[in-house]
Protein chains: 2
Amino acid sequence: MDRRIKKNQSAIMNALMQLIAEKEFEKITINDIAERADVNRGTVYSHYADKYDLLDKCIEAQLAHLMECCYSPETTGPFPSKITLLRTVKEIENNAPLFQSLLSIKDVSSFRVHLSKMIHMQIVEQMNEHKISLDDLGKSIFAQFMSSAIVGVIEWWFTPSMTCSAEELTERLWSILEVNWMTLLSPQA
Amino acid sequence: MDRRIKKNQSAIMNALMQLIAEKEFEKITINDIAERADVNRGTVYSHYADKYDLLDKCIEAQLAHLMECCYSPETTGPFPSKITLLRTVKEIENNAPLFQSLLSIKDVSSFRVHLSKMIHMQIVEQMNEHKISLDDLGKSIFAQFMSSAIVGVIEWWFTPSMTCSAEELTERLWSILEVNWMTLLSPQA
DNA sequence: CCGGTTTTGTCGGTTTTTCAACAAACGATA
DNA sequence: TATCGTTTGTTGAAAAACCGACAAAACCGG
């Protein structure tokens, strides 16, 4: 891909990320974005249909990045470990204001949906790798159950009193996940 | 100025700065620079005749930056103060590897010459602001004397054993400068 | 509800950058 | 010395970004 495209797209996306962490999405104008990205306004339109399209691409990229940096090659084993979970939670913590803002955007096919879908997919994938005695419907329901739950916990984590440390959250969450996964693996489930 | 020009020029200059702090100037190729700047090789040539031209512009920019950030508006008084000197020395210290490399480039109309000229000009300017009982020749010689001395001290500061702290250097240097300046101000000099 | 201001999305002409290719000069190695 | 690989500096055509201007839409205060 052309250097200019790559650079400008990343500049534009970063600009929106920054702005989102600063003020309400609806208050952000294309001008703000172009200005922050140090790019002509027309350039924004040449890559994205509008604010919402850009937001979508940003969310996708952000989630891809999250996956990349948390589930990268050196993940020990095919199985999501506690350490991986901690790494993920910490990464979310590090970008707390951004994630919080993304989660609070309503008008758009929301970040929560994207996040949930991604987790859903991950879970289905995991289930397919380990032979689970469950039909497709069962897998889908289980995945939906788990992904909703996890996203819910993350959302809760960001509510006013984010009293819980990343380590503590990981600990508690892991113990719940472990139970679910184990009962799933045992054939008599 | 066109956004693209500004951005690419600064990317190219920064690239050279980085590389200079890393390896010998003569070993640096235009390719290295373009690559580091994430810019097409042709773009480098469109702005600079060659390596040496680029280096020259870099030096100028670097010195302009040094002036900018050390002698900016809030400089207390028209007279270079001890605090200003300390700020300058610290700024040099912060970019030690870069300055060291710049000082060690020989083949080109060297950094030392640029630096010396700049200081020379500053001193002449200062002398003109305070009415000094000295003819132009006297001023030139004094400025040359001082600028050479100062540059020499800076060079010395970077020799293998940079044992002296920025604060200490400032302290010692200031006491010397003070004497010179004072004797210059007193009419019987 | 109106009038002024801001934002949006689009357009066309111009400038810059990109990319790939080139010949010439250089440097090292056999 | 001949040769291979690299670096240099230049070119031309294509792609992208720039800028300024535009009408339409949306927003806001009186």
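Predicted model, so just to flag it, every value in this text is computed and none were measured.
- In this entry the distance linking CD1 of A/Ile28 with C1' of C/dT8 reads 16 Å, nearest Å.
- Side-chain atoms of A/Ser46 and A/Thr43 form no donor-acceptor pair, as typed in the model, at a separation below 3.5 Å.
- Between B/Arg41 and B/Glu35 there is no salt bridge, since no side-chain N of the basic residue sits under 4.0 Å from a carboxylate O of the acidic one.
- Counted by atom type alone, A/Gln144 and A/Ser148 present one or more donor-acceptor pairs between their side chains at under 3.5 Å.
- Put simply, NZ on A/Lys6 is 15 Å from C1' on D/dA15, counting in whole angstrom units.
- Rounded to a whole Å, the CD atom of A/Glu24 is 15 Å from the C1' atom of D/dC27.
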(message) Set out, in order, the CA-CA distance, both residues' side-chain angles and the distance that settles side chain to side chain contact (heavy atoms under 4.5 Å, CB included) for B/Asp56 and B/Phe111, then state yes or no.
(response) CA-CA 8 Å; B/Asp56 231 53; B/Phe111 180 62; over 6 Å; no

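- As rounded to whole Å, 4 Å separates atom P of D/dA16 from atom CD1 of A/Ile5.
- Checked for salt-bridge contact, B/Asp32 and B/Lys23 meet the test: a charged N lies under 4.0 Å from a carboxylate O.
- A close approach under 4.0 Å does occur between a side-chain nitrogen or oxygen of A/Asn8 and OP1 or OP2 of D/dA17.
- For the pair B/Lys57 and B/Tyr48, the NZ or CZ position fails the cation-pi test of under 6.0 Å to the six-membered ring centre and within 45 degrees of the ring normal.
- For the pair B/Asp2 CG and C/dT15 C1', the interatomic distance rounds to 7 Å; values are reported in whole Å.
- The CD1-P distance, from A/Ile30 to D/dA26, rounds to 15 Å in whole Å.
- A salt bridge links A/Lys90 with A/Glu167: the distance from a Lys NZ or Arg NE/NH1/NH2 to an Asp or Glu carboxylate oxygen falls below 4.0 Å.
- Listed by residue number, the members of residues 38-49 of chain B with any heavy atom below 4.0 angstrom from DNA chain C are B/Val39, B/Asn40, B/Arg41, B/Thr43, B/Ser46, B/His47.
- Distance CG (B/Asp53) to P (D/dT8): 15 Å, rounded to an integer number of Å.
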Encoded 5' to 3' (Watson-Crick or G-U under 3.5 Å; [ ] crossing; | other strand), DNA chain D becomes |||||||||||||||||||||||||||.||

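- Between B/Glu22 and B/Arg36 there is a salt bridge, since at least one side-chain N of the basic residue sits less than 4.0 Å from a carboxylate O of the acidic one.
- Between A/Ile28 and A/Ile20, the closest heavy-atom pair is CD1-N, 3.8 Å.
- Mapped onto DNA chain C by nearest heavy atom, A/Thr29 and A/Met1 fall at different nucleotides, with A/Thr29 at the one closer to the 5' end.
- Rounding to whole angstrom units, NZ of residue B/Lys7 and C1' of C/dT18 are separated by 15 Å.
- Residue-level contact check: A/Arg3 touches the backbone only, with heavy atoms under 4.0 Å from sugar-phosphate atoms and none from bases.
- No hydrogens or angles were tested; on distance alone, a donor-acceptor pair under 3.5 Å links the side chain of B/Arg4 to the base of D/dA17.
- Distances shown here put every side-chain N or O of B/Asn31 at or beyond 4.0 Å from the OP1 or OP2 atom of D/dT8.
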